[in-house]
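One structure is given below, encoded as structure tokens.
Protein chains get the first letters and strands the later ones, always in sequence-line order, with residue 1 at the start of each. Owing to the predicted nature of the structure, the values given are computational and were not obtained by experimental measurement.
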Number of protein chains: 2
Amino acid sequence: MLDSAIVLFRERGVAATSLRDVVAHSGAPRGSIYHHFPGGKQELASEATRRAGDSIARLFTRLVASADPAAAVDRLVDHWSGVLLDSDFASTCPVAAAALAPDDTDGARVAAGVAFEQWEDLLAGALRERGATPGEAADRAALVVSAIEGALLVSRARRTDAPLRAVGRELVRQLA
Amino acid sequence: MLDSAIVLFRERGVAATSLRDVVAHSGAPRGSIYHHFPGGKQELASEATRRAGDSIARLFTRLVASADPAAAVDRLVDHWSGVLLDSDFASTCPVAAAALAPDDTDGARVAAGVAFEQWEDLLAGALRERGATPGEAADRAALVVSAIEGALLVSRARRTDAPLRAVGRELVRQLA
DNA sequence: GGGCGGTTATGACGATCGTCATAGTCGTCG
DNA sequence: CGACGACTATGACGATCGTCATAACCGCCC
């Protein structure tokens with residue numbers, strides 16, 4: 001059910017996804033939404049965002065552990081490019097969708113903020129291990145996260161992964 | 001009316017903004033929506049996005065004409081930081097909101113794509129004038145646009161302009 | 001086997017959505 | 001002055017939204 005919510009949030013955004021869509025997509029029983037999520041849509045959106053954020057954080061962890069930052073960014077760009085192309089530019093980052101959620105689901109917004117902070121901290125830690133000063137590491141980590149999130153947005157709108165790839169090239173050039 | 005739509009799209013996103021909200025906010029007569037916008041919400045969202053995109057393109061033009069790229073990015077960051085703080089992190093980029101619009105308003109999405117492309121071209125032109133090769137200029141322009149859009153998203157979610165400022169510092173460092 | 005708590009089925013509620021039809025107002029031009 | 005066009009007021013329509021109440025189901029423990 002949470003996974004279905006994530007899929008739909010990615011494709012349509014939080015506001016445009018109804019609980020009926022979620023249960024229909026997941027095959028879950030409609031009557032039990034408020035049994036598992038007494039807080040209604042707000043709670044479901046928050047937990048889905050938290051789950052998605054954690055999942056991407058694990059991806060970040062794997063990447064920075066297995067390669068230097070520049071190569072990690074490269075693989076990250078490949079990953080998102082594949083997501084965009086496979087979905088015909090319908091699917092974007094679920095956390096970005098949550099970040100732009102309307103007021104009645106602002107729990108998802110704070111979950112998105114937590115996720116972004118977590119990602120930045122992960123990257124900043126890896127950069128510090130490679131000799132960057134704390135200030136540099138924090139700024140560069142913020143740039144990487146923001147640039148990739150923004151590139152996903154721009155690439156979706158333009159229906160080409162060119163912006164994402166360009167951003168990847170520039171980030172790698174700078175991190176190398 | 002278009003301006004009211006832009007304001008509301010910025011705060012709530014396209015999907016969560018109803019036509020009734022728009023007319024109420026603008027004071028415009030409700031009965032005349034389909035007189036001025038026969039295409040309904042789709043047309044209104046598309047035109048509003050186009051209008052907003054052009055407005056920001058003019059801002060870009062002014063900035064790159066009056067300063068070198070690094071200083072222009074600096075002023076751009078100041079501008080958006082002011083927008084975020086003044087609105088208590090409610091207002092973001094209207095074109096980003098359009099980029100994540102749901103399927104039934106995908107006209108706004110293509111308008112967002114056009115706007116992004118326009119901004120990138122403007123910046124790339126300025127960078128080429130300063131001696132960058134076309135490839136470099138295009139990649140860097142894409143990075144600037146994506147990074148700032150992403151930073152707005154992240155800053156909204158985290159309710160602090162720190163990510164935006166960090167991204168600004170890194171971009172300036174790189175462009176200098 | 002009998003009860004019982006956790007889960008599901010079903011459908012209703014008020015609200016709100018996009019859309020549109022119809023009837024009115026109002027300025028302008030002949 | 002009268003008619004005609006552009007614009008507005010009002011309210012209805014079907015659909016869909018989030019939410020919840022109520023009744024049925026089902027597996028497990030005594």
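- When distances run from any side-chain atom of A:H36 to the nucleotides D:dC7, D:dG18, C:dT8, the shortest one goes to C:dT8.
- Spacing between atom CD1 of A:I33 and atom C1' of C:dA9 amounts to 13 Å, rounded to whole angstrom units.
- The interatomic distance linking A:R30 (CZ) with D:dG18 (C1') rounds to 10 Å, in whole Å.
- For the pair B:F37 CZ and D:dT8 P, the computed distance is 11 Å after rounding to whole Å.
- Looking at A:T92 and A:R10, their side chains never bring a donor and an acceptor atom within 3.5 Å of each other.
- In this structure, of D:dA9, D:dA6, D:dT19, it is D:dA9 that holds the atom nearest to the side chain of B:P29.
- Taking the side chain as every heavy atom from C-beta outward, A:E120 and B:P163 approach each other to under 4.5 Å.
- For the pair A:S18 and D:dC17, the criterion of a side-chain N or O lying under 4.0 Å from OP1 or OP2 is met.
- Here B:T105 lies out of heavy-atom contact (under 4.0 Å) with every strand.
- Applying the 4.0 Å criterion to OP1 and OP2 of C:dT19, one finds that B:Y34 has a side-chain N or O inside that range.
- Looking at the side chain of A:R20, the nearest of the listed nucleotides C:dG18, D:dT8, D:dC17 is D:dC17.
- A:T105 places no side-chain N or O within 3.5 Å of a backbone atom of A:A101 that could act as its donor or acceptor partner.
- In this structure, the side chain of A:R130 does not engage the main chain of A:P69 through any donor-acceptor pair within 3.5 Å.
- In the set C:dT8, D:dC7, C:dG18, the nucleotide with an atom closest to the side chain of B:H35 is D:dC7.
- If you take CG of B:D104 and C1' of D:dT16, they are 13 Å apart, rounded to a whole angstrom.
- In this structure, the nucleotide among D:dT19, D:dT8, C:dG18 sitting nearest to the side chain of B:S32 is D:dT8.
- In this structure, NZ of B:K41 is placed 15 Å from P of D:dT16, rounded to the nearest angstrom.
- Side-chain contact between A:R140 and A:L171 is absent, with no heavy atoms from C-beta onward closer than 4.5 Å.
- Of the candidate nucleotides C:dT8, D:dA6, C:dC17, C:dC17 has the atom nearest to the side chain of B:D21.
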